[in-house]
2 protein chains.
Amino acid sequence: MSRPTIAGVARAAGVSVASVSRVLNGLPATEEMVERVQRAVDELGYVPDARARSLKVGRTFQLTLAVADVGNPVYVTMMRAVEEVVSAAGYRLVVTTTGPDVVDEVALVRGMARGYADGLLISPIRVDEDLVKSIRECEVPVVVAGNVPAKAGVDTVRANSPKGMLLAVDHLVAKGRRRIAFLNGPADTVPGAARSKGFAEALKAHELQPAAVAEATDFTFAAGRAAAPDLLAAGGLAGSRSHRRRGGDEPAPTTIRPTGGAFDAVICANDLLAVGVMHELAAAGLEVPADVAVVGMDDSELAEQSFPPLTSVNLGSAERGRRAAELLLARIEDNDRTPRRIVVQPSLSIRRSTP
Amino acid sequence: MSRPTIAGVARAAGVSVASVSRVLNGLPATEEMVERVQRAVDELGYVPDARARSLKVGRTFQLTLAVADVGNPVYVTMMRAVEEVVSAAGYRLVVTTTGPDVVDEVALVRGMARGYADGLLISPIRVDEDLVKSIRECEVPVVVAGNVPAKAGVDTVRANSPKGMLLAVDHLVAKGRRRIAFLNGPADTVPGAARSKGFAEALKAHELQPAAVAEATDFTFAAGRAAAPDLLAAGGLAGSRSHRRRGGDEPAPTTIRPTGGAFDAVICANDLLAVGVMHELAAAGLEVPADVAVVGMDDSELAEQSFPPLTSVNLGSAERGRRAAELLLARIEDNDRTPRRIVVQPSLSIRRSTP
DNA sequence: TTGTAAGCGTTATCAT
DNA sequence: ATGATAACGCTTACAA
């Protein structure tokens, strides 16, 4: 007893397969025909095979969302927004995870040619020539939530993190903080590079010097913790302690650019890093925000869950997800439209980690 | 210029489609044949169509993981474990999210009959007759990460939350806490019911009375916060304040069972609820763990990220994910094996939210 | 309105 | 070892 096929239904109903197909797709048919087909369908528990259907019609009605790290709460915000838009349009959303390496992303994009889905929404963390090429050549529509060169010829929706940085610095300065440190994620990533540049510009706008800058090996909580002692040391806020924690299985050492002077605020490239830093600050006996103010980026669910709740730059993850999804749907409708490059403006969610 | 098909490759290589297929699938062929086909494939950038292939061979080499809430960090732990197992076996993992309603789960299970994937790994939060029925009748192998009646005739991997509760209570009692409160999630869910029962048993084992019991409307941070004031009120730890926060757009009121007496410890049905409670405890001027010890469940990444780091019952999410994935793969190999019901034992991860 | 039949892009069976 | 061809389960001209 295998799955019933449309032929089985046709036989049971005493009609042709074409009629069954028509009834199932709501095409014109007589009362009686609909009746008979429906009965047979119910009786046999027939469900059309999506593979066969999509082979024929050339569409799967599935969309793929690819994220680098399911553990990063910024993606859940985005995912929720995307899900809402695509399901309203009658598509199934499937999520796959790529990992931090660009080769995995390239493999994924190439793999889309196999016809798994009608479109791909990808938020790449590292971008290289190969990835751009694979996106440009991809058989199915792709939209990138993030920054990818215009020559990729693809729709993009990205954040304005320099502007976000400025919001953060403005706020800190307004609260009287001048010695601002920065904990970045890997600078060889797209967001890492953008935030680094943004931080420098924002400080320059206020005629300030960075109090300390460090680079975590990853955009994760663990990497944030691992990088914090070095940041503290660079900022003159901790001494020998900074090397005590380096155990055997910790991530590789962080890159430090000591710029002298203690800091009274630290901006982190995302919320996970910020929460990691806050833990280490507490371990060093420093109070947030009294001794050091902390600002995260992404304004993910983690920002309100953390303690103290984290002031965070809202880079519009939900809106980016929503608009990216809309762009994808639009491109599926019409693949000839000229690629759009949308920039979503940031805002600042002020919570208790800043004064 | 549409996608090249196997026919195009065959034409370009001057061989038959059958030969192309053979070469691509590593079946015996002469040096020269392999050579020619390979060249044509590279030249055209041919990628086999997964839909057509799976229509023919009856397998998609995709597996679906369905979770109720992508925002719940326990699922990321599980997801990572599942991903590792299935990708090692040559399957793609796709994640879909169901939402908290059982009807969505049923729809998803039924939908699997369309042939989206070769197997389904589902972690249902609510279970009813319909769901059991849909799982039993599902065309593709299903394994449940969670608790579902044996009559469903399906492989299950579940946690032992009563045992976990006992671990938590043992620990609290050993630390001198006797007035233990419990914040549950919705009792009409499978984990909610199990944890409620487990809590009662664990207290009885120590001949203790519950200090306060409340039920959040959801297993989320927001619901945890919303429920906390009532819990505090029930425990005599807060007065009128408990109703101050109830704004217009807050979740529905929580169910309270006041049992008298202030409490010095609270066990929460998952980490998100625990973090929510900790926020409200702080807002009420109570210190964790000095005034109130807090224990979460799931031992998710959030437990170490929270502040203070959360003592949490490790219900073996990673192991559950791993074993569930193994079960699924085994059943795909042999659908006639008798269903297994695996129970994973808990452990306690002690952190600073308890003394 | 309904039925017949030709594909969609593969793989697998059968000859050769 | 290779090639022709029949499925896989569906949709859609086209014919009746």
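Below, read A as the first sequence line, B as the second, and so on, with proteins coming before strands; counting in each chain starts at 1.
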Between [X] ([atom1]) and [N] ([atom2]), how many Å, whole number?
X: B:I6; N: D:dT5; atom1: CD1; atom2: C1'; result: 14 Å
X: B:L24; N: D:dT2; atom1: CG; atom2: P; result: 14 Å
X: A:E35; N: C:dT1; atom1: CD; atom2: C1'; result: 17 Å
X: A:R36; N: C:dT2; atom1: CZ; atom2: P; result: 10 Å
X: B:L55; N: C:dT11; atom1: CG; atom2: C1'; result: 10 Å
X: A:F61; N: D:dT11; atom1: CZ; atom2: C1'; result: 12 Å
X: A:R59; N: D:dG9; atom1: CZ; atom2: C1'; result: 20 Å
X: B:L27; N: C:dT10; atom1: CG; atom2: P; result: 16 Å

OG1 (B:T97) and CZ (A:R80) are apart, to the nearest 0.5 Å, by 7.5 Å

What's A:T5 touching, base or sugar-phosphate or nothing? Going by heavy atoms closer than 4.0 Å. sugar-phosphate

What's A:A29 touching, base or sugar-phosphate or nothing? Going by heavy atoms closer than 4.0 Å. sugar-phosphate

Tell me whether the OP1 or OP2 atom of D:dT2 has a side-chain N or O from B:T30 closer than 4.0 Å. yes

D:dG3 phosphate, OP1 or OP2: any side-chain N/O from B:S19 under 4.0 angstrom? yes

Below 3.5 Å, does any donor atom in the side chain of B:R22 face an acceptor in the base of D:dG3, or the other way round? yes

Using only modelled atom types and a 3.5 angstrom limit, is any donor from either the side chain of A:K56 or the base of C:dG7 paired with an acceptor on the other? yes

So, B:R323 and B:E319, do they make that salt bridge, N to O below 4.0 Å? yes

Between C:dT11, C:dG3, D:dC10, which nucleotide gets closest to the side-chain atoms of A:R53? D:dC10

Side chain of A:S21, heavy atoms from C-beta onward: which of D:dG3, D:dT11, C:dT2 has the nearest atom to it? D:dT11

Given A:D188, A:D101, A:T189, the one that forms side chain to side chain donor-acceptor pair (under 3.5 Å) with A:R126: A:D188

5' precedence on DNA chain D between B:V57 and B:G14 (nearest-nucleotide basis): B:G14

Mark yes or no: A:R92 above the aromatic ring of B:Y116, with NZ or CZ under 6.0 Å from the six-membered ring centre and no more than 45 degrees from the axis. yes

Taking the side chain as C-beta and beyond, is there a heavy-atom pair between A:V102 and A:D130 under 4.5 Å? no

